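The structure displayed is predicted, hence computed values, not measured ones.
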Amino acid sequence: MAQVSLKDVVKVFPGGIVAVDEVSFGVENKEFLVLVGPSGCGKSTTLRLIAGLETLSEGDIYIGDRKVNFIPPKDRDIAMVFQNYALYPHMSVYENMAFGLKLRKYPKEEIDSRVKEAAGILGLESLFSRKPRELSGGQRQRVAVGRAIVRKPLVFLFDEPLSNLDAKSRVQMRTELHRLHIRLQATMIYVTHDQTEAMTLGDRIAVMKDGIIQQIDVPTKVYDFPVNKFVASFIGSPPMNFMEGKIVKKEKKLYFDEGNFRVRVLEDMYEVLEEYVDRRVIMGVRSENIYDKIFVSGAPPENIVTMTCEVVEHLGSEVYIHLNTGKNVIVAKVSGDTNPRINRDIDVVFDMSKIHFFDKTTEKTIV
């Protein structure tokens, strides 16, 4: 079995820099887990600790039933795919894929069989004689993945493997990695700063910040139910819109008052928000949950907000509209056939069932 388990893992670099701060999580056999977060959050260091390329300061790491704290990387039965491919420039594609097996003194026939099997999965058979300099970025990355596949390891580790590719190649390679996981049914841990990769690839995603796991769950749960403002802002494109304001009570109804507009809160949020009456909070709304009033029938007048259109970004099937409330600028994502006009007022409606509220001090989710 290829479970991976981290228990209270800490990594402190010289100078007292805490890169990983008491991280604990488990990866199930055959699961694809994605570690996602901004640069410097500790995700790559966590991966390197699992691989044995960094030494632990505290805590334990298990691969299967074996504690690997002091086991060298070559004996952990893992394979790692790096951001920069790490191919040998003087070797052919075939030789690069076979090299690790040759070092381990596998029989020639088995090496050939494994290399051809991996090449068949990744469509590399026609490239066997080429050197890395003769390959595109996407082809080089497939060779790097193929070199990992031939090992047949317990766990695959990917350290931002697509970050050096152009946009089209990234989409293609992302699809290939997804198919590869389905075909191999292997345990994979993948590091990225790209939340689109995280959402599309991961069975679960773990969002990191400042060396700490903020939330770990299936992608839809992280997107729909973020535990704090950071997760809400990091997962989603465009990012969630945030507006600071006050919860006010009038005639037994609760409202969010931004200063330039006021919207009524749904009754099923009252119980939690009652203690925040007359206190400042942060309201969050995703861009796809802001609608032009002309497309919404029966919207209560008190929830219709007038904003000024400042910028319009046409993206083909979608249009991003940047709206100014007078205190905040928010982004609405609408259908591509919408044709808003700059410097004109637009009446919009928030989907109040999709609204998020965050504590202003702790930034933890209230609702």
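Proximity of Asp21 to Asp210: side-chain heavy atoms (C-beta onward) are nowhere separated by under 4.5 Å.
Considering every non-hydrogen atom in both Asn260 and Thr325, the closest pair reads ND2-O, 3.2 Å. Minimum heavy-atom separation, Glu160 to Ser163: O-OG, 3.1 Å. Nearest heavy-atom pair across Gly211 and Val23 is O-CG2, 3.3 Å. The minimum heavy-atom distance linking Asp8 with Ser24 is given by the pair N-OG, 2.7 Å. Nearest heavy atom pair, residue Val265 against residue Phe256, reads CG2-N, 4.0 Å. Pairing each heavy atom of Met208 with each of Pro38, the nearest pair is O-CD, 3.6 Å.
The backbone N or O of Thr175 sits nowhere less than 3.5 Å from a side-chain atom of Arg179 that would complete a donor-acceptor pair. Ser317 places no side-chain N or O within donor-acceptor distance of the main-chain N or O of Gly336, the cut-off being under 3.5 Å. Here the side chain of Thr192 pairs no donor or acceptor atom with the backbone of Glu197 at under 3.5 angstrom.
With rounding to the nearest 0.5 Å, the separation of OG1 in Thr187 from CD in Glu28 is 9.0 Å. Taking CD1 from Ile17 and OG1 from Thr45, the interatomic distance works out to 10.5 Å, rounded to the nearest 0.5 Å. Atom OH in Tyr94 sits 13.0 Å away from atom CE in Met91 (nearest 0.5 Å). In this structure, SG in Cys309 is found 6.0 Å from CG in Leu323, a value given to the nearest 0.5 Å.
Residue His314 qualifies as enclosed at atom NE2: its count of foreign heavy atoms under 6.0 Å is above 12. Counting non-hydrogen atoms of other residues, nucleotides and ligands closer than 6.0 Å to CZ of Phe13 gives a total above 12.
Ion pairing of Glu176 with Arg142 is present here, as a side-chain N (NZ or NE/NH1/NH2) and a carboxylate O approach within less than 4.0 Å.
Among the candidates Asn241, Val263, Asp351, the single residue satisfying the side-chain contact (heavy atoms from CB on, under 4.5 Å) test with Val285 is Asn241.
Ring orientation note: the planes of Phe32 and Phe158 are close to parallel, at an angle under 30° on the 30°/60° scale.
Between Phe358 and Phe242, the ring center distance clears the sub-6.0 Å criterion.
For the residue pair Asn324 and Thr308, no side-chain donor N or O sits within less than 3.5 Å of a side-chain acceptor on the partner. For the 3.5 Å distance criterion, the side chains of Asn164 and Asn84 fail to qualify, holding no donor opposite an acceptor. Of the N and O atoms on the side chains of His90 and Glu95, not one donor lies less than 3.5 Å from an acceptor on the other residue.
The side chain to side chain donor-acceptor pair (under 3.5 Å) analysis of residues 223-240, with sequence neighbours excluded, yields the pairs Gln214-Asn228, Tyr223-Glu288.
Remark: Arg279 is positioned above the aromatic ring of Tyr276, its terminal NZ or CZ atom under 6.0 angstrom from the ring centre and at most 45 degrees off the axis.
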